[in-house]
Amino acid sequence: MYATLTCHPPLGQTTVVGPEKDSVRFTVLLESSAGSQKDWEVALWHNFENDDKWTSSSLTSSPETTLTATRSSSTDVRQQFFTIELPGRPKNHSSLSYTFTFRAAKDESWKWANEQLSTSDGRILYQSGGSLNDDLTHYIEGLPSFLQIGKEQSDSPETLLWSITSPVNAASGTQSGLATKTLGRPTSYSRWFALVRLWSPWLAPRHGRDRFQPDKEAILSAFERDDGSHLVVLAVSGVDNVMTTLQHDGEGSITIISVNDSEKDGISRLVAAVGKSLDHAVAAVMYHARRLVMQYGVVPAEIDAEMKTLADDFKPEWLENWYDGLSYCTWNGLGQHLNEQKLFDALESLSKHEINISNLIIDDNWQSLNHEGGDQFNNAWMEFEATKIGFPRGLEATVSDIRSKYKHVRHIAVWHALFGYWGGIAPEGKIAQEYKTTVVQKKKGVSGGKTTVVAEEDVGRFYKDFYQFLSSAGIDSVKTDAQFFLDELEDATDRRQLIRSYQDAWNINQLRYFSARSISCMSQTPQIIFHSQLPSNRPRILLRNSDDFFPEVPASHPWHIFCNAHNSILNQYLNILPDWDMFQTSHDYASFHAAGRCVSGGPIYITDVPGQHDIDLIAQMTGNTPRGDTVILRPQTVGKSTAAYNSYDDPVLLKVSTYVGSAHSGVSILGVFNCTQQPLVELVGLDAFPGAEKGMYIIRDHTSGQITKPTSSDTGNAFVHLELPTRGWEILSAFPLQQFKLQRQHPAKGPDDITVANLGILGKMTGPAAIINSSSNIDIESGRLRIWTSLKVLGTYGLYISNLKERNLEDDFFAVIFGRPIPFHCIKISDVCDEILEIDTVRAWKETDSKASWSNEVAVEVVIR
């Protein structure tokens, strides 16, 4: 006989209970063979009373009317809910472990959930309500006396903050000064998380339990302590030519690795914070790091002054199309042998399929190189003009034809490496003749060897002239790649002269000529992160958030989403928008990648092979404005993992959170991904949605359109039952409910009390992000409820309305679009859920002969009596 159970909080994971809660509620969904009337029993095994002694407690069967599982892949199963509440807190310890057993009848043997689910026990951490210990030695033991430790004022709530510095010797000739010192061993923790240097250009997450032992140098490390608090240590670089990272000594202690490129003795800098929330602790170290780099960071006075002037004159709306327009990149779709005809063929294919991209990125292989084809690292850049082999008419002619034929293309970007090309500057080319160059030695590796680059004295003029050429050719944006080459420089002299000068020259000129329409790529090196990406006194740019999308490597795809979600734990505090890289819509993992991009908070690029497009998938990511522009529906916050300490190998679903609207009154969105190699089942409740801690909500899933019953974080009586196969994903949205009382001045069928939620545009992965503004109120004179919404795009507009089926659509509802009545046949009750009202604004727009306003928004008003 078939039987399986799913529990909340889940087994195999750690759940933290805040000091405001004095009990833990456990919920179990047991599924058994349909038609079975067995009297199932479920028991909770735990060590609540005594850390060393386990006891069992029976769960109570709960009526299905109090709990909602909105989605299950099987219809031939019987679902039963069981609940139990453990009141109070453990007396002698701050955590408990638990598991479940179940059986079909009293005369049958118990089955252990751990064995059935192949997982470990669950763990509950109880946070205390007391103050944090303000002695750093409580959190790190063995702190050496040579460290300078200072207590700092934290800008993040409920956190303590320390600065930690130590000396590092000056460079000697071409050799950088090096120092390896022990910081100490973090105390009383059960899990750790770190962001390490995967290799020079990229960051990636690492995880562990008992011993801190990352396989690569880290820039940020976090420790989940047994008392429910979090210790975070950040290595700060980019100040006075010193780079600092974190390693380990093999015994669990943190070591400080410092590289000083300066001719003077330097200072290695760390920032440490402790908080009851990991988010607050990470925020504390990042805010303090920003203060440090803006205080001690050195930018030439003339660049600093112009940067300030340009930033003061900058208007954020200049970037609206750049951030929110659908983009096409040539790299994977057209390959490395790029030419003008392939470019036009791709644009024609997109146009034929009515995919109206706003941004075109002409990637690698448009430049004039001293060798065509072969190893890209052996190729060097000759001149500003495009290669005559692929673009015989020149770059300007190509761009002019694109703009004249494809009017929806607003922005055209070109790719280039920070040093020009992968192999630098060709000594025999026009660029080398025009600008002073120098030969640098790069570290051993893929890109190692000697390379010719523009010298420090001329790098500012070089970038000014290059971007002036691009601008005159009609290019208005850039993707600047291979920025990690700055960190690959071997000699301290070159590092000291070029690392900052290239960053400053690029930063000022991309702002000067392209108004911050730029993508910084392969630039997750410590010196660039802290010198260029952390300061907030300039417009933010797009930043590649992880290693590439590799269409031909199956194992890379779940890791790509996992890596980006964890990198954003740090990158959310940089002055950037995260770019999760391009992807192809006609691919085995296409929808998996699409969902990740939609919740990322960043741009969306596709790189389809011409003719190979998934139109339906693109429609789920985008919408059309009244003027016909195709835009993405980008949430307002950076998408990040909600469970930093869950490792890639843990059998749990990855949850990526983002948000739309004002705090505690907006919509919390959760992207859920199965990154493992096995099917996974979980109950996802309201407690999984950051920002939905207060008030009543409904939870809706994207793929089925089903909703839960109204729930709050206090009652926790609604769950989404997710069964995700390998490669499976879902996007869940928690919508806040508003309650009103209608004034009955005319005969009406429906009840007076009404609860509503604005769902935005249905059928979109992040449909709530279509809402620009919304207001709901009872009209004093008529007693009717008016719901006004301004939307980014046309589509199926959705409203949750309680007891909708008890109301009369024709008599009790009236809707207008731009002040014009919406025909009744454009309004219907959803086929999926009888409490959702749907309005077809596309059809209404056409039939009312509406015109786009200056704001390019869709204004809809619904009146309910």
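In this chain, residues are counted from 1 in sequence order. Note that these values count all heavy atoms, side chains included, but never hydrogens, waters or copies made by symmetry.
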Under 3.5 Å donor-acceptor, [X] side chain and [Y] backbone:
{"X": "N808", "Y": "D812", "answer": "no"}
{"X": "K792", "Y": "T625", "answer": "no"}
{"X": "S351", "Y": "E348", "answer": "no"}
{"X": "R25", "Y": "L86", "answer": "no"}
{"X": "N545", "Y": "N564", "answer": "yes"}
{"X": "Y697", "Y": "K694", "answer": "yes"}
{"X": "S586", "Y": "Q612", "answer": "yes"}
{"X": "H587", "Y": "T585", "answer": "no"}
{"X": "N674", "Y": "L724", "answer": "yes"}
{"X": "Y659", "Y": "H664", "answer": "yes"}

I want to check something: taking the side chain as every heavy atom from C-beta on, are [X] and [Y] in contact at a cut-off of under 4.5 Å?
{"X": "I761", "Y": "L791", "answer": "yes"}
{"X": "D834", "Y": "L804", "answer": "no"}
{"X": "Q706", "Y": "R700", "answer": "no"}
{"X": "S733", "Y": "P768", "answer": "yes"}
{"X": "V816", "Y": "R820", "answer": "no"}
{"X": "F689", "Y": "V684", "answer": "yes"}
{"X": "I615", "Y": "H353", "answer": "yes"}
{"X": "T848", "Y": "I822", "answer": "no"}

Go through the side-chain N and O atoms of [X] and [Y] and say whether any donor and acceptor fall under 3.5 Å apart.
{"X": "Y589", "Y": "Q584", "result": "no"}
{"X": "N359", "Y": "H411", "result": "no"}
{"X": "Q620", "Y": "H702", "result": "yes"}
{"X": "E835", "Y": "S802", "result": "no"}
{"X": "T27", "Y": "T83", "result": "no"}
{"X": "N758", "Y": "T789", "result": "yes"}
{"X": "T796", "Y": "E838", "result": "no"}

Exercise. Stepwise, does the side chain to side chain donor-acceptor pair (under 3.5 Å) test hold for S58 with E41?
Worked result: CA-CA 8 Å; S58 296; E41 295 179 79; 5.5 Å; no
To check you understand the geometry: which heavy-atom pair defines the closest contact between [X] and [Y], and what is its length?
{"X": "P578", "Y": "S568", "answer": "CB-OG, 4.4 Å"}
{"X": "L654", "Y": "S641", "answer": "CD1-OG, 4.0 Å"}
{"X": "I561", "Y": "G596", "answer": "CD1-CA, 4.1 Å"}
{"X": "T658", "Y": "G639", "answer": "CB-CA, 4.2 Å"}
{"X": "E806", "Y": "P751", "answer": "OE1-CD, 3.9 Å"}
{"X": "E693", "Y": "S713", "answer": "O-OG, 2.7 Å"}

For this session: Take S591 and W729 through the test side chain to side chain donor-acceptor pair (under 3.5 Å) and record every step on the way to the result.
Result: CA-CA 8 Å; S591 64; W729 61 272; 2.8 Å; yes
For this session: Sort out for me which residue in T755, T711, L737 forms a side chain to side chain contact (heavy atoms under 4.5 Å, CB included) with M696.
Result: L737
How many angstroms lie between [atom1] in [X] and [atom2] in [Y], if you round to the nearest 0.5 Å?
{"X": "D701", "Y": "E730", "atom1": "CG", "atom2": "CD", "answer": "4.0 Å"}
{"X": "L680", "Y": "L722", "atom1": "CG", "atom2": "CG", "answer": "10.5 Å"}
{"X": "C598", "Y": "M765", "atom1": "SG", "atom2": "CE", "answer": "5.5 Å"}
{"X": "N356", "Y": "D629", "atom1": "CG", "atom2": "CG", "answer": "8.5 Å"}
{"X": "S775", "Y": "N773", "atom1": "OG", "atom2": "CG", "answer": "8.5 Å"}
{"X": "I827", "Y": "I839", "atom1": "CD1", "atom2": "CD1", "answer": "5.0 Å"}

Exercise. Taking it one step at a time, do N321 and S358 satisfy side chain to side chain donor-acceptor pair (under 3.5 Å)?
Worked result: CA-CA 7 Å; N321 293 108; S358 294; 4.8 Å; no
For this session: Show your working on side-chain contact (heavy atoms from CB on, under 4.5 Å) between Y797 and L762 and close with a plain yes or no.
Result: CA-CA 6 Å; Y797 171 54; L762 307 179; over 6 Å; no
Under-4.0 Å salt bridge between [X] and [Y]:
{"X": "R784", "Y": "D779", "value": "no"}
{"X": "E861", "Y": "R786", "value": "yes"}
{"X": "K828", "Y": "D831", "value": "yes"}
{"X": "K655", "Y": "E682", "value": "yes"}
{"X": "D811", "Y": "R865", "value": "no"}

For this session: Starting from the C-alpha separation in whole Å, work towards a yes-or-no answer on side-chain contact (heavy atoms from CB on, under 4.5 Å) for L633 and T622.
Result: CA-CA 6 Å; L633 302 178; T622 64; over 6 Å; no
Exercise. Do W40 and F82 have ring centres separated by under 6.0 Å?
Worked result: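 No, the ring centres sit 6.0 Å or more apart.
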Exercise. Mind checking whether F673 and F592 have ring centres under 6.0 Å apart?
Worked result: yes
Exercise. Hey, is CD on E85 packed in by over 12 heavy atoms from elsewhere, all under 6.0 Å?
Worked result: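 Above 12, so yes.
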For this session: Test side chain to side chain donor-acceptor pair (under 3.5 Å) on H408 and T630 and set out the steps.
Result: CA-CA 9 Å; H408 52 270; T630 299; over 6 Å; no
Problem set entry | R807 NZ/CZ over F813 ring centroid, <6.0 Å and within 45° of normal |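 Pair R807/F813 does not count as cation-pi.
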Exercise. Does the side-chain contact (heavy atoms from CB on, under 4.5 Å) test come out yes or no for Q739 and I754, once each step is laid out?
Worked result: CA-CA 6 Å; Q739 294 179 308; I754 187 170; over 6 Å; no
